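Just below is one structure, and these are the notes that go with it.
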Amino acid sequence: MDHMKKVGSSSCNDGVLLRMGLNDNKAGMQGLDKEKINKIIMEATKGSRFYENELKKDQQVNQRIEKMMQLKEKITTQQLLKAQLQVDKLVIELEQSRNLSSTIVHIDMDAFYAAVEMRDNPELKEKPIAVGSMSMLSTSNYHARRFGVRAAMPGFIAKKLCPHLTIVPLNFEKYGKVSKEVREILTEYDPNFMPMGLDEAYLNITEHLEERLNWPEDKRRFFFNTESATEKDKDDINMSAKCNEGGYSFSPVLFEDNTPLMDDHPEQRDRSVENSVIFGTSAEEVVKEIRFRIEQKTQLTASAGIAPNTMLAKMCSDRNKPNGQCRIAPERQAVLDFLKDLPIRKVPGIGKVTEKMLKALGIVTCSELYQQRALLSLLFSESSWRNFLDISLGLGSTHLEKDGERKSMSTESEINTAEDQYNLCRELCRDLAQELQKERLK
DNA sequence: ATACATACC
DNA sequence: TACTGGTATGTAT
């Protein structure tokens, strides 16, 4: 009868918009005229190969949803009750093993590439800019986000949304350099910190916090950067000092409750006490210190999240962006409060597709995810529903994986056997075939 | 076992 | 004109 037509057409517009329309999930994109923006995006994209392909993918997702809904219909009250008991048994176990003893920090540079480009070219400040090309943007500054311009959007569409947009080409070498500067700071707080790309990192500062308790104030004192360069990085600082003369000011946000802010004496260049600030021993203070040092060293701001595990820390760092920080206290209730009305889409690992599938089940927030735990255990694979359960309980990794022990590299004797050469050749042919197929699609 | 899909930066 | 490319992990066949 009307088998997949219903899902196909009724949620088609909705689905395609979800897939191709504006994703206002990112910081700085609240309260935009989404209707208008989506109209422009759709007009620019309609009829393209890309659009057709996305349509097809969306249909596939719809079919997956249809399958899931059929499965759901067949579930009896009995089965659901049984599932509820089993899942709740697991919930008790998980609760018992809940670990709130680690302090994990997620550091996220604000609009990183765009911020670097603005720092190095003051002309760009005050203007909406994006970094990338007409084909693809890597990031945009907050000004551009007001127009709906965001990362992963092609530049030519962004130009339609914001005709005055300046697109700066990528300069990875530069971003890598800045990233290295930031990492030099981070490693002091956790030598095993885990970088995620150039602009993000996780730190486990549990040990640092313990040691820090016994530190004298002098070890927690940091100086405002002045025109004179520090021993290292002379070149970089000289270059940026030029940009500063006009009136670069240090973020006031950091010092709401820290008094010694002295913007009246820019001529003071020595490392005098008035030119310094002392940070406390709490996790918040540590993170303020990290952010202060990053800003002093690079003139760029970062946002941060502090929480008992990586998942929560990441979501936390998003909360007060840009140039802010947020902490979830290491208490079960604080974790649950944070999750209560949080849309599942905010959770790392939950993207458009999973969002849509769960929405079909009436699940939008993390609390709803928890309420439906029994049903989910019957509809999804074990790894999926257990992941959903972890999310809804606010559980995540409390330590940072060392990727030290990768799968051992093949030794030279293993590489050059005839068999391996044959396999390599086969793989290359397969890849080539794949490429060709992709091309045909275009 | 392999291809295909989802998600992240 | 033009919708990334690399990596990790999960799903489907």
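Each chain gets a letter, A, B and so on, in the order the sequences are listed, and its residues count up from 1. Computed from a predicted model, the values in this text were never measured in an experiment.
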Test salt bridge (Lys or Arg N to Asp or Glu O under 4.0 Å) applied to A:Arg212 and A:Glu285, step by step: CA-CA 11 Å; A:Arg212 188 181 176 93; A:Glu285 287 290 309; over 6 Å; no
Distance in angstrom units between A:Leu137 CG and C:dG5 C1', rounded: 15 Å
Residue A:Ser381, side-chain heavy atoms: nucleotide from B:dT6, C:dT11, C:dT4 that is nearest: C:dT11
Ring geometry between A:Phe172 and A:Tyr175 (parallel below 30°, tilted from 30 to 60°, perpendicular above 60°): perpendicular
Distance in angstrom units between A:Tyr113 OH and B:dC9 C1', rounded: 7 Å
Distance, rounded to the nearest Å, where A:Asn25 contributes CG and B:dC9 contributes C1': 15 Å
Gap between atoms NZ and P, on A:Lys346 and B:dA7 respectively (whole Å): 16 Å
Nearest-neighbour nucleotide for the A:Thr354 side chain, B:dC8, B:dT6, C:dT11 considered: B:dT6
Residue whose nearest DNA chain C nucleotide is more 5′ - A:Ile157 or A:Ser384: A:Ile157
A:Arg183 versus A:Ser179, side-chain donor and acceptor atoms under 3.5 Å: yes
Options C:dT11, C:dC3, B:dT6, nucleotide nearest the side-chain atoms of A:Pro154: C:dC3
Among C:dA2, C:dG10, B:dC8, the nucleotide that comes nearest once only the side chain of A:Met134 is considered: C:dA2
Nucleotide nearest A:Ala152 when distance is taken to its side chain, options C:dT4, C:dC3, B:dT6: C:dT4
C:dA2 OP1/OP2 closer than 4.0 Å to side-chain N/O of A:Arg49: no
Under the side chain to side chain donor-acceptor pair (under 3.5 Å) test, residues paired with A:Arg345 that sit two or more places apart: none
First of A:Met153 and A:Lys67 reached from the 5' end of DNA chain C, by closest nucleotide: A:Met153
Side-chain touch A:Met109/A:Leu198, heavy atoms, less than 4.5 angstrom: no
Sugar-phosphate, base or nothing in reach of A:Lys57, heavy atoms under 4.0 Å: nothing
N/O (side chain, A:Ser383) to phosphate O (OP1/OP2, C:dT11) under 4.0 Å: yes
Sugar-phosphate only, base, or nothing, as touched by A:Gln60 at under 4.0 Å among non-hydrogen atoms: sugar-phosphate
Nucleotide C:dG10, atom P - distance to CG of A:Asn387 in whole Å: 8 Å
Atom-to-atom span, CG of A:Leu161 to P of C:dC3 - whole angstrom: 17 Å
Those residues that, when tested against A:Lys160, pass side chain to side chain donor-acceptor pair (under 3.5 Å) (two or more places apart): none
A:Lys314 side chain near B:dC9 phosphate (N/O to OP1/OP2, under 4.0 Å): yes
Nearest-Å distance once atom P is located in both C:dT4 and B:dA5: 16 Å
Nearest listed nucleotide, side chain of A:Met136, among B:dT6, C:dC3, C:dT11: C:dC3
Spacing between A:Leu170 atom CG and B:dC9 atom C1', to the nearest angstrom: 12 Å
Among C:dT4, C:dC3, B:dT6, the nucleotide that comes nearest once only the side chain of A:Arg64 is considered: B:dT6
Interatomic distance where CD1 belongs to A:Ile350 and P belongs to C:dG10 [whole Å]: 13 Å
